[in-house]
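Worksheet for the structure shown next.
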Amino acid sequence: MQGQQQNLPEATINSLTADSNDQIAISLFEPKKEIRPEYNIGKFAGVIFASPYAKNVNEIRKYNWQVVDDDQTLDASLTVTPLTGQKTPTTTTFRVFLALIQVWEHIGFPEDGIVRFSARQLCNVIGWRWAGTDTANRIYEHLKILSGTSISWTLAYQSKDGQLSKLYDDMSILSSASYRQRGSLFEPEKFSIVQKIRLNPDLVDNMLAGHVRPMNYVAFKKIGNDTTAVLYTCLDLYLHKKPKWERRAVALLSSDLALMGKRYEKRFNRHAKLKEFVRELDGVALFTGTLRLAIEETADGKDWKLVARKEKTASPKRQRPIVKSVTSEEEAEMLADELIEMILRQPRSGKPNRAVIKFLCKLYPQPLLRQALSVAKADYQGKIKKTLTHVFVAEIKRAVQEHPKLQWYDDAPNTGQSN
DNA sequence: ATGAGGGTGACATCAGAACC
DNA sequence: GGTTCTGATGTCACCCTCAT
């Protein structure tokens, strides 16, 4: 028996079971709105975790850039190497990782980095429904990826004192992870919380020292599309210090998001993709502030570019409800005027009816209206079938009808009456 | 109730091909 | 050139059972 265990993965687990730190979060708990993953992982999340639909998920990914140190320019890089036959980390992996961090925080930040959890509990934190084998396998797979993927940092890994390490080779995010399937368990533990992982001690060290990169966990979880989630993670970082960031569609799609399709050689398809991003991310909360996205034509007219801005919220701590109550008269007027002014600045704007716009401003949340305008502006460029005002109102209607909690005023006889 | 696993299928995403 | 269709693949939900 003892001899047998030496070579099994269970050997690691059994040795972990013996330690005294047995804080277990038994019941399901509500994950926090904000999450503080380790600084380096959070900073490079957009690079380390790719979209699962990206074409290169089985290959080594390497990113190079330059850093300036003591007046000399040095080459920095980050290499993500999967175990053979295994995928590189995807956004799903990132979701699992963030959930593990949540559990680790919940059980009181144990210094040894050991996290015990049940698969069902982890699902609850991530926001998945428990779906049997499929979910179990998914968690199992991504735990393997987290522990098996080797990450090498050259002049990239920043320790808690702010120093860049020259080289941090062969890091794995989890120093041990083993998903124990029911069949492998013995009777007494067969129906208890059994899963157990250990976070990389250096990462734990940094997190305990407050060397973290805070994220808006609620906003991140709501993003269903994995490519969009990668973009969100990147934008959150880019807009951390700068108020504005922009990038051409070609570079954004192929190098940042690893969308390699031939279809993106066509301008139209790039534009369509950017519109998806605007639809999904415009108005989404960042850790501080709100993300604002717009599409603009590049100066040479050959491509589009995505323009991201961070809009400051008055009190970043308080989250604005998704469906806010009816706006005050004064607020609606100000918003309506602002929107109308923005519309009139465009060519072939049409003649927006102030009363109608104000009426819509009172009825629907501000982010929805602003998003509708940016989508309308993007949609409208190129094809001049109707005026921008028409497209704008049609876009509001579409967004309202897609929204689970809103209703288009014309659809129901009793909601049109306000005031 | 809670810990899981099994089977099935709907839905989303991407990308190329086909169509206008 | 723009736009839509189609198929491969990945993700996730539903409903079931089992054991304590």
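Just so you know, these numbers use all the heavy atoms, side chains as well, and skip hydrogens, waters and symmetry mates. Protein chains get the first letters and strands the later ones, always in sequence-line order, with residue 1 at the start of each.
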Measure the spacing between [atom1] of [X] and [atom2] of [Y] and express it to the nearest 0.5 Å.
{"X": "A:Leu78", "Y": "A:Tyr63", "atom1": "CG", "atom2": "OH", "result": "9.0 Å"}
{"X": "A:Arg61", "Y": "A:Thr149", "atom1": "CZ", "atom2": "OG1", "result": "9.0 Å"}
{"X": "A:Leu146", "Y": "A:Ser175", "atom1": "CG", "atom2": "OG", "result": "11.5 Å"}

Under 30°, 30 to 60°, or over 60°: which ring-plane class applies to A:Tyr157 and A:Tyr168, parallel, tilted or perpendicular?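 If you compare the ring of A:Tyr157 with that of A:Tyr168, the planes turn out perpendicular.
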Mind telling me whether A:Trp245 and A:Tyr238 have parallel, tilted or perpendicular rings, with 30° and 60° as the class edges?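 Ring orientation, 0 to 90° scale: parallel.
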Run the side chain to side chain contact (heavy atoms under 4.5 Å, CB included) check on A:Thr290 and A:Lys310 step by step: do they pass? CA-CA 6 Å; A:Thr290 306; A:Lys310 182 163 70 176; over 6 Å; no
Can you work out whether A:Lys262 or A:Asn225 has the more 5'-proximal nearest nucleotide on DNA chain B?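 The residue whose closest nucleotide sits nearer the 5' end is A:Asn225.
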In this structure, how many angstroms lie between the [atom2] atom of [N] and the [atom1] atom of [X], rounded?
{"X": "A:Met260", "N": "B:dA15", "atom1": "CE", "atom2": "C1'", "result": "13 Å"}
{"X": "A:Asn137", "N": "B:dT8", "atom1": "CG", "atom2": "C1'", "result": "15 Å"}
{"X": "A:Lys273", "N": "B:dA15", "atom1": "NZ", "atom2": "P", "result": "7 Å"}
{"X": "A:Glu265", "N": "B:dG16", "atom1": "CD", "atom2": "C1'", "result": "11 Å"}
{"X": "A:Gln121", "N": "B:dT2", "atom1": "CD", "atom2": "C1'", "result": "12 Å"}
{"X": "A:Asn269", "N": "C:dG1", "atom1": "CG", "atom2": "C1'", "result": "11 Å"}
{"X": "A:Lys275", "N": "B:dC14", "atom1": "NZ", "atom2": "C1'", "result": "18 Å"}
{"X": "A:Leu122", "N": "B:dT2", "atom1": "CG", "atom2": "P", "result": "17 Å"}

If a protein heavy atom is under 4.0 Å from the base, mark B; if only from the sugar-phosphate, S; if neither, -; do that for nucleotides 7-13 of chain C going 5' to 3'. ---BSBB
Given B:dG5, B:dC14, B:dG16, which nucleotide is nearest the side-chain atoms of A:Thr227?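 The answer is B:dC14, which lies nearest to the side chain.
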Contact under 4.0 Å: A:Lys266 side-chain N or O vs C:dT3 OP1/OP2: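 Answer is no, no contact under 4.0 Å.
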Less than 4.0 angstrom between a side-chain N/O of A:Ser51 and OP1 or OP2 of B:dT13, yes or no?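 For A:Ser51, the contact criterion (side-chain N or O under 4.0 Å from OP1 or OP2 of B:dT13) is not met.
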What pairs with A:Glu141 under side chain to side chain contact (heavy atoms under 4.5 Å, CB included), at least two apart in sequence or on another chain?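 Residues passing side chain to side chain contact (heavy atoms under 4.5 Å, CB included) with A:Glu141: A:Lys87, A:Ile145.
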